[in-house]
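What follows is a set of notes on a single structure, which appears directly below.
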Amino acid sequence: MRIPCPYCGLRDAHEFSYLGDAAPQRPDPAAPDAADAFHDYVYLRDNPAGPMRELWYHGAGCRRWLVVDRDTRTHAILGTAFATEARS
Amino acid sequence: MSDLLSHHPVTDLVPEGHYGPDAAQPGLTAQVVDGLALATVAARKGASGALAQAVLDAFGIALVDAPKVSFLGDLSFIGTAPGRWLATAGGAPAAHVARLQGALADAAALTDQSDGSLIIDVYGPKARMALAKLVPLDLHPAVFAPGDAAATAAALIPLVVWQLNDMPAYRFAVPRSFAPAFLRALVSGAAEFGVTVSGTARG
């Protein structure tokens with residue numbers, strides 16, 4: 001599997017580390033339901049068969065976090081972006 | 001070729017000499033380059049434009065924010081990440097850093113890396129074929145050409161590589177303590193083409 005890094009270009013997946021779902025956002029710790037929100041944030045994950053937005057770290061290249069759109073059934077990469085831009 | 005280097009300590013650089021066939025016409029040469037000063041240049045937050053302008057004003061170099069080499073004379077900026085470059089120049093490290101500091105300190109963070117990496121040039125008619133066994137990049141001239149650069153890992157060793165010319169010649173910045181392992185991997189893979197190692201003395 002090769003991942004097109006927005007800066008480095010097409011690179012082998014071994015240059016990257018996988019984190020997981022890019023969707024969860026850290027909840028507000030001061031909110032009244034913070035305990036429940038953090039439980040969901042830490043533990044609850046979807047496991048879709050199909051396109052998924054994921055966080056990958058290009059540790060052996062530009063050392064940037066990426067959001068990668070990957071089809072979990074075929075490993076086809078549908079798009080990549082820097083996480084700083086894709087999640088802001 | 002697994003016994004090629006069996007008599008050399010694994011912690012030493014591969015000694016100077018020729019390995020493999022065709023000593024008269026080596027397929028490639030691996031040369032340790034002395035006297036090159038290195039520094040990382042990292043744009044401060046929101047200062048990418050100011051940094052590019054400062055580099056243009058001070059050095060006459062149009063800085064490219066991409067895995068490319070921007071250079072004039074012996075001063076080169078090698079793109080390693082968004083807003084980050086490895087700046088190389090001949091001469092003493094202190095003078096190199098002072099020169100960058102004088103022009104760029106407001107727009108970039110500068111770190112002397114001269115003692116952090118060993119510079120190794122790999123060149124010759126078979127250099128591309130030999131490196132295809134080591135570097136996880138597509139080095140075909142249609143994809144990777146003179147002026148192109150990459151931060152990557154070869155034999156699990158993180159390094160920066162850029163192409164100098166279409167001989168082809170490639171320049172590697174290898175973390176100094178990993179240089180013996182890098183050279184062993186290179187020589188073991190390249191020996192079938194005949195590889196001459198120079199600049200390492202007796203290893």
Side-chain angles (χ1 to χ4, degrees), chain A residues 1-30 41 50-88, chain B residues 40-46 48 63-70 77-86 109 111 113 116 131-145 147-163 172-175 178 181-182 185:
Chain A
M1 190 169 95
R2 282 185 287 181
I3 297 174
C5 171
Y7 182 84
C8 300
L10 206 56
R11 293 295 184 87
D12 191 277
H14 285 112
E15 292 196 357
F16 299 81
S17 308
Y18 178 73
L19 183 71
D21 195 342
Q25 297 280 349
R26 186 177 174 82
D28 175 9
Y41 169 69
M52 185 178 179
R53 283 165 62 79
E54 305 169 325
L55 285 168
W56 291 75
Y57 177 62
H58 195 187
C62 60
R63 300 176 190 177
R64 288 293 184 276
W65 282 95
L66 309 182
V67 172
V68 176
D69 288 292
R70 181 180 67 99
D71 191 313
T72 58
R73 294 166 303 188
T74 63
H75 298 309
I77 306 293
L78 309 170
T80 57
F82 292 120
T84 47
E85 293 157 18
R87 299 184 89 222
S88 58
Chain B
T40 51
V41 178
R44 298 190 191 282
K45 205 167 188 177
S48 304
L63 194 62
V64 182
D65 195 0
K68 302 277 182 190
V69 182
S70 318
F77 291 83
I78 296 101
T80 57
R84 292 186 74 97
W85 294 264
L86 181 67
T111 313
Q113 296 289 343
L131 292 176
K133 299 168 73 173
L134 186 67
V135 179
L137 300 170
D138 186 352
L139 295 176
H140 189 279
V143 180
F144 201 87
D148 281 335
T152 184
L156 303 178
I157 298 164
L159 48 77
V160 182
V161 55
W162 60 104
Q163 189 170 343
F172 289 83
V174 182
F178 285 100
F182 175 81

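Both backbone and side-chain heavy atoms feed into the values below; hydrogens, waters and symmetry mates do not. If you're wondering where the values come from, they're calculated on a predicted model, not measured in any experiment. Chain A is the first sequence line, chain B the second, and so forth, proteins listed ahead of strands; every chain is numbered from 1.
Contacts with chain B (heavy atom to heavy atom, under 4.5 Å) involve these residues of residues 50-62 of chain A, listed by number: A:A60, A:G61, A:C62.
Looking only at heavy-atom pairs under 4.5 Å with chain A, the residue among B:P67, B:A153, B:G79 that has the most is B:P67. Chain A forms more heavy-atom pairs under 4.5 Å with one residue of B:A66, B:P158, B:A150, B:P136 than with any other, namely B:A66. Ranked by non-hydrogen atom pairs under 4.5 Å with chain A, the options B:V160, B:L137, B:T152, B:D65 are led by B:T152.
More than 12 heavy-atom neighbours from other residues, nucleotides or ligands sit within 6.0 angstrom of CZ on B:R44.
The salt bridge (Lys or Arg N to Asp or Glu O under 4.0 Å) contacts involving residues 5-26 of chain A comprise A:R11-A:E15, where partners must be two or more places apart or lie in separate chains. Within the structure, salt bridge (Lys or Arg N to Asp or Glu O under 4.0 Å) contacts touching residues 132-141 of chain B (residues at least two apart or in different chains) are B:K133-B:E192.
Considering only residues two or more places apart in sequence or on other chains, A:R64 meets the salt bridge (Lys or Arg N to Asp or Glu O under 4.0 Å) condition with none of them.
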